[in-house]
Number of protein chains: 2
Amino acid sequence: MEQHKIPQATAKRLPLYYRYLNNLQHQGKTRVSSQELSDAVKVDSATIRRDFSYFGALGKKGYGYNVEYLLHFFRETLDQDELTEVALIGVGNLGTAFLKYNFLKNNNTKIVMAFDRDANKVGTKIGGVPVYHIDDLEEKIGDIHVAILTIPASEAETMTERLVENGIEGILNFTPARITVPSHVRVHHIDLAVELQALVYFLKHYPLDNEKGNKKE
Amino acid sequence: MEQHKIPQATAKRLPLYYRYLNNLQHQGKTRVSSQELSDAVKVDSATIRRDFSYFGALGKKGYGYNVEYLLHFFRETLDQDELTEVALIGVGNLGTAFLKYNFLKNNNTKIVMAFDRDANKVGTKIGGVPVYHIDDLEEKIGDIHVAILTIPASEAETMTERLVENGIEGILNFTPARITVPSHVRVHHIDLAVELQALVYFLKHYPLDNEKGNKKE
DNA sequence: ATCCTTTTGTGAATGATCTCACTAAAAACT
DNA sequence: AGTTTTTAGTGAGATCATTCACAAAAGGAT
């Protein structure tokens, strides 16, 4: 592939830039400087310029960046136009939150089906997304390769095996379980309890007071 | 304070270690090696040893770590015994998920109140947590210093100002808005859309090697 | 056209984190 | 008791990421 040189830290910020640029375009703005962008997304302006520079010279000195051009460029780079279909496993409160979240507004991902074992949910649509019984996973999943896992931790490991057997290659794991997967499967963990604990720990042990911005993640 | 030398990356992993050690204790295990821990939490064993080493020599060579001792030590270091009270702002699906999540099982944080403006929710209890009207924030919040923000992005900025005026110093922000805060306030962003997009981007551009586990068919 | 201002793109410095690879100590075994 | 095995702790280097600071290019003004 072409751009193996983009740092992962940069890649993680791209969706953020993309979304804000979209906002700008809707507001009718045609140009933006790294400094303006910095104020909005809370990332150092030098970091933003560095991030963009991995894709070549996208801006003009003394002018900034053309919003439309940047968006057009990102659309291709981020594969924004190529829709990635996603399955959601577990329609509890967290799962429902995802289903009702309008990912499509700025994004390249769409949850196209959900699975649960609760008979009250199976057969309904939530946020426009059909909910199937988990027993029908094999039958329904088709060639979806990304799954969001919002089930109890106790079921995470067996469900993961089943997902992987059925072609899933990327898992956004919201369970506290650190699941085991073959080496070709990518897992991103988002552990709500850990995030909250980490925030509290930082509050107690890393007083900030006279720093400038604040950090993410 | 005492240990300002602990890297932030280490601090973020502590809750993870802590939770797994708790599991081990419940299973009756008395010792654990960095390698076992590594397999379980998916962090390189050298990183784990390095992490622990910031707190001094907690293990024994040729033996590993004593689970109980480690837990006892972490309890103090992580302030596990000192409960941090948290307020939740916005009782939608995501907020409800938090309220029903039993943070107390292994943790040092507790959501003690929630706020919303929906009359159907105000006055009820969800997951044992009372829901107050958002207009009563000033009256009810007491000296809580940590808030979880699960409201629509459009309300994030004004709500943040209000929270900060009322003594909040740490915000776990689930809205896509990059909120602006004074320098003494710490914000951690968790942006669900960005996380999903980043996962998809990595899947497409950073292929994982599948040399040893050939699971393709 | 000329000068001044803005703002990019980037070399280099710095900072942060991770991992290798080895030492030494304790445990386990014979 | 002596030998082998296990495993923590860590120096040093590798890798990754951020930030400084400035030259050069382009815009804007007159």
Side-chain angles (χ1 to χ4, degrees), chain A residues 3-14 16-17 21 24 29-67 69-70 73-74 198 201-202 205-206 208 210-217, chain B residues 3-14 16-17 21 24 29-71 73-74 198 201-202 205-206 209:
Chain A
Q3 334 114 337
H4 274 254
K5 305 303 297 292
I6 298 165
Q8 304 215 354
T10 296
K12 280 199 207 163
R13 286 187 291 264
L14 294 182
L16 196 59
Y17 299 149
L21 289 168
L24 284 182
K29 288 206 71 170
T30 61
R31 61 183 271 195
V32 66
S33 69
S34 60
Q35 189 51 60
E36 278 175 81
L37 220 47
S38 172
D39 294 340
V41 300
K42 311 280 191 270
V43 172
D44 187 275
S45 68
T47 300
I48 292 177
R49 294 198 299 281
R50 174 80 59 195
D51 283 347
F52 288 179
S53 78
Y54 292 114
F55 301 99
L58 302 179
K60 278 186 191 167
K61 299 183 179 189
Y63 174 88
Y65 300 89
N66 180 287
V67 173
Y69 177 70
L70 215 48
F73 184 86
F74 274 22
Y201 184 83
F202 281 136
H205 295 85
Y206 296 77
L208 10 102
N210 45 7
E211 287 170 27
K212 26 182 180 163
N214 44 59
K215 263 217 66 183
K216 200 250 145 176
E217 245 174 321
Chain B
Q3 332 113 335
H4 276 241
K5 306 300 295 294
I6 299 166
Q8 303 214 356
T10 296
K12 280 199 213 160
R13 286 187 289 264
L14 294 183
L16 197 60
Y17 299 149
L21 288 169
L24 285 182
K29 287 206 70 170
T30 62
R31 61 182 272 195
V32 66
S33 69
S34 61
Q35 189 51 58
E36 277 175 83
L37 219 47
S38 172
D39 294 340
V41 300
K42 311 281 191 267
V43 172
D44 186 274
S45 67
T47 300
I48 292 177
R49 293 198 299 280
R50 174 81 59 196
D51 283 346
F52 289 179
S53 78
Y54 292 114
F55 300 101
L58 302 179
K60 277 188 193 166
K61 299 183 178 186
Y63 174 89
Y65 300 90
N66 180 287
V67 173
E68 192 136 8
Y69 177 71
L70 216 48
L71 269 174
F73 185 87
F74 274 22
Y201 184 82
F202 281 133
H205 295 85
Y206 296 76
D209 49 64

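Each chain gets a letter, A, B and so on, in the order its sequence line appears, and its residues count up from 1.
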Fill in: Contacts of B/Tyr65 that satisfy ring-ring contact (aromatic ring centres under 6.0 Å, His included) - sequence neighbours left out
B/Phe52
Fill in: Separation of atom CZ in A/Phe52 from atom C1' in C/dT8, rounded to whole Å
12 Å
Worksheet item: Tell me: CZ of B/Phe55 to P of D/dA8, nearest whole Å?
Response: 17 Å
Worksheet item: Can you list every pair that meets salt bridge (charged side-chain N to carboxylate O under 4.0 Å, His left out) and has a residue in residues 52-69 of chain B, with sequence neighbours left out?
Response: none
Response to the item:
Between the OH atom in B/Tyr17 and the CD1 atom in B/Ile48, the distance rounded to the nearest 0.5 Å is 4.5 Å
Practice prompt. Report the residues that fulfil ring-ring contact (aromatic ring centres under 6.0 Å, His included) with A/Phe73, sequence neighbours left out, ordered by chain and then residue number.
Written response: A/Phe55
Fill in: Which nucleotide in C/dT17, C/dT10, C/dT8 has an atom nearest any side-chain atom of B/Pro7
C/dT17
Item to complete: Just call it for A/Gln35: base, sugar-phosphate, or nothing, with non-hydrogen atoms closer than 4.0 Å on any strand.
Response: nothing
Worksheet entry | Which residue lies more 5' along DNA chain C, comparing A/Ser53 with B/Asp51 via nearest heavy atoms | A/Ser53
Discussion item. For B/Lys42, give me all partners under side-chain hydrogen bond (donor to acceptor under 3.5 Å, both in side chains), at least two apart in sequence or on another chain.
Written reply: A/Thr180
Practice prompt. Determine: side-chain N/O of A/Ser34 to OP1/OP2 of C/dT7, distance under 4.0 Å, yes or no.
Written response: no
Worksheet item: So how far off straight is the helix from C/dA1-D/dT30 to C/dT30-D/dA1, going by the axes through five pairs at either end, to 10°?
Response: 20°
Item to complete: Tell me whether the OP1 or OP2 atom of C/dT19 has a side-chain N or O from B/Thr47 closer than 4.0 Å.
Response: yes
Worksheet item: Quick one: does A/Arg50 reach the base of D/dT18 with a side-chain donor-acceptor pair under 3.5 Å?
Response: no
Practice prompt. Please name all residues satisfying side-chain hydrogen bond (donor to acceptor under 3.5 Å, both in side chains) with B/Asp39, sequence neighbours left out, ordered by chain then number.
Written response: B/Gln35
Item to complete: With rounding to the nearest 0.5 Å, note down the distance linking CG in B/Asp44 to CG in B/Leu37.
Response: 12.0 Å
Practice prompt. Ignoring backbone atoms, test whether B/Tyr65 places a side-chain nitrogen or oxygen under 4.0 Å from the OP1 or OP2 oxygen of D/dG9.
Written response: yes
Worksheet item: Please give, in whole Å, the distance from D/dA17 P to A/Ile48 CD1?
Response: 17 Å
Worksheet entry | Atom-to-atom span, CG of A/Asp44 to P of C/dT8 - whole angstrom | 12 Å
Item to complete: Could you list the residues that satisfy side-chain hydrogen bond (donor to acceptor under 3.5 Å, both in side chains) with A/Ser38, not counting sequence neighbours?
Response: none
Item to complete: For B/Lys29, enumerate each residue passing the side-chain hydrogen bond (donor to acceptor under 3.5 Å, both in side chains) test, keeping only those at least two apart in sequence or located in another chain.
Response: B/Glu36
Under 3.5 Å between N/O atoms: give me all the protein pairs with nucleotides 24-30 of chain D, atom names plus distance.
| from | atom 1 | to | atom 2 | distance (Å) |
| --- | --- | --- | --- | --- |
| D/dA26 | O4' | A/Lys61 | O | 3.2 |

Worksheet, complete the sentence: B/Arg49 CZ to C/dA21 P, in whole Å, measures 13 Å
Response to the item:
Contacts of B/Glu36 and A/Arg13 projected onto DNA chain D by closest heavy atom; the upstream (5') one is B/Glu36
